[in-house]
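First up is the structure itself, then whatever we jot down about it.
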Amino acid sequence: MSRLSVSLPGLNMKNPILPASGCFGFGKEYAKWYDLSLLGGITIKAATLEGRFGNPTPRVAETESGMLNAIGLQNPGVKGIIENELPALEPYNIPILANIAGSTEEEYIEVTRQISASPLVSAVELNISCPNVKEGGIQFGTHYKSAADLTKKVKNVSEKPVYVKLSPNVSNITEMAEAVEEAGADGLSMINTLVGMKLDWRTGNPILANKTGGLSGPAIKPVAIRMIYEVSQKVSLPIIGMGGVSTAEDVLEMMSAGASAVAVGTANFVNPYVCPEIIEKLPELLDEIGVEQISEMTGRSLRQWKTPLSSR
Amino acid sequence: MKKHLLSITSNTEIARNIFEMKLTGPGTATMTVPGQFLHVSVGKHTSKLLRRPLSICDVDFEKEEVTLLYRAQGEGTKQLSQKQPGEIVDVLGPLGNGFFLETIDDSKTALLIGGGIGVPPLYYLGKKLREKGLKVKFILGYQSLEDSFYIEQFQEIGETIVTTVDGSFGIKGFVTDAMDQLTSDEPVIYSVGPAVMLKAVEQKAAGLNGFISLEERMGCGIGACFACVCPTENRQSGYVKICNDGPVFKMGEVVL
């Protein structure tokens, strides 16, 4: 076993790094830049039942240490992804986490049924937290009962482990996490983007055509760390941590908070080589702190700080 | 497609808020196609700011030097404008598909129409077309005399007509106003500028062969984030990614 390897339900990864959904296209775009087999895994862009064009442009805006996006789940539909996108990833022999979204329970169930049957998919990530479209599933992601109901139904049809991607745009993320654990989820992905807005101060008009967008990038990392720290005290599910990770140091911080694997999002846009660069740097950092196996990092902070955050 | 660390040789204001940046380094040897762009990191190497897509204005292969013209408008490009000679700039590229030159009949006249900060790639394109033996004409549109740039450089390549919105230089009006005055000898049209201008150019040039280059806010610049899409009527997917499928398209291919 290599010192960087981690094992999560359905995802046996040679290192804990995978690109986050929506930040890596369907993988082939980055295959022109480096060998994708270096990655621990890949999370592909969200699949919906029918193809979607997404929102009008402009769809991105830069903010302080982050960016807002309102892409709107553009994708060719689950059939198109299975037929035209997934096969391109087969040669790299790494786990594929398929993100799924929808506007109705039936849509989620059907997309899960189809994509989880693909031998190229290792696990599915239930996107109940896309803030950029009314039909993106956020309605399931902000009420713990509907999140739990959907998780249960999706679990019933999925041939692969199910990770539920949680929204930070809720009053109590721990309640959500406990609800989906109870409903049978195999893991959690957290966090999705925070709803934000940017205006042109000259005109007063929003920069994004959609007006609001999802905030990502380094600006949201402290929020992600706090939420992972809180949730990992309350649930026993493995967590794929994400939110503003752009360095190897960020990865170890997020694992210390309780993440078992870490997804890199917006940083891919700034530096297409960021994932392999992080992977290369990790052993050096582990040496520096005297840790042999990276999996030992998971929840390190919790073990050292016995008193739960909520009661301090 | 690679990342290059290029050194600034000069970075000067050549018109109101318009800067000319020259960068040198081995990566410039790959920048052979006009219409492609560089995705430029505006901060330090470790910056967490998004990159800025800047079109290639010229390349000098002997000097290993690429020229970029940009408008210092937002936070990122303002930071870029403050960089000094000798500083290193991290660029990805060349990215995107540039202008298609192979199928163009050498006996024709090429009409190159640019508006504002869309003008720069037409300089490199004009040079390449002239090398190919075509006669090149430019129509360049600016807001005013103060905002105009590179007129003399364009004049060295071919006939150059300038329009300004306020009439302070050249013909008063838009680039399309100058299109009326041209006698068509079956020109091939290449146009770069804001979408509203490209739409007007397409309408004026209906029935002619031509190409346009689109601008849009980009996230990744390499086709992964789906930020810079544009609808089409004839592609199977129903859309194109400006960064990766473009930025150059045939006239009429995309819905402006």
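In the text below, chain A, chain B and the rest are named by the order of the sequence lines, each starting its count at 1. FYI, side chains are in, hydrogens and waters are out, and symmetry mates aren't considered; it's all heavy atoms of this structure.
Of the two parts of A:Lys28, neither the backbone nor the side chain holds a non-hydrogen atom closer than 4.5 Å to a non-hydrogen atom of chain B. Of the two parts of A:Pro58, the backbone and the side chain both hold a non-hydrogen atom closer than 4.5 Å to a non-hydrogen atom of chain B.
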Review item, side-chain donor-acceptor pairs of residues 16-24 of chain B, under 3.5 Å, at least two apart:
| residue | atom | partner | partner atom | Å |
| --- | --- | --- | --- | --- |
| B:Arg16 | NE | B:Asp147 | OD1 | 3.1 |
| B:Arg16 | NH1 | B:Glu146 | OE1 | 2.9 |
| B:Arg16 | NH2 | B:Asp147 | OD1 | 3.3 |
| B:Arg16 | NH2 | B:Asp147 | OD2 | 2.9 |
| B:Glu20 | OE2 | B:Tyr150 | OH | 2.5 |
| B:Lys22 | NZ | B:Thr67 | OG1 | 3.2 |
| B:Thr24 | OG1 | B:Lys63 | O | 3.4 |
| B:Thr24 | OG1 | B:Glu64 | O | 2.8 |

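The aromatic rings of B:Tyr190 and B:Phe211 sit parallel to each other, their planes meeting at less than 30°, with 60° as the upper class boundary. Between A:Tyr34 and A:Tyr273, the ring planes lie tilted relative to each other; the angle falls in the 30° to 60° range.
More than 12 heavy atoms of other residues, nucleotides or ligands shown are found within 6.0 angstrom of CD on B:Gln82.
Heavy-atom pairs under 4.5 Å with chain B peak, among A:Phe26, A:Phe53, A:Phe24, at A:Phe53.
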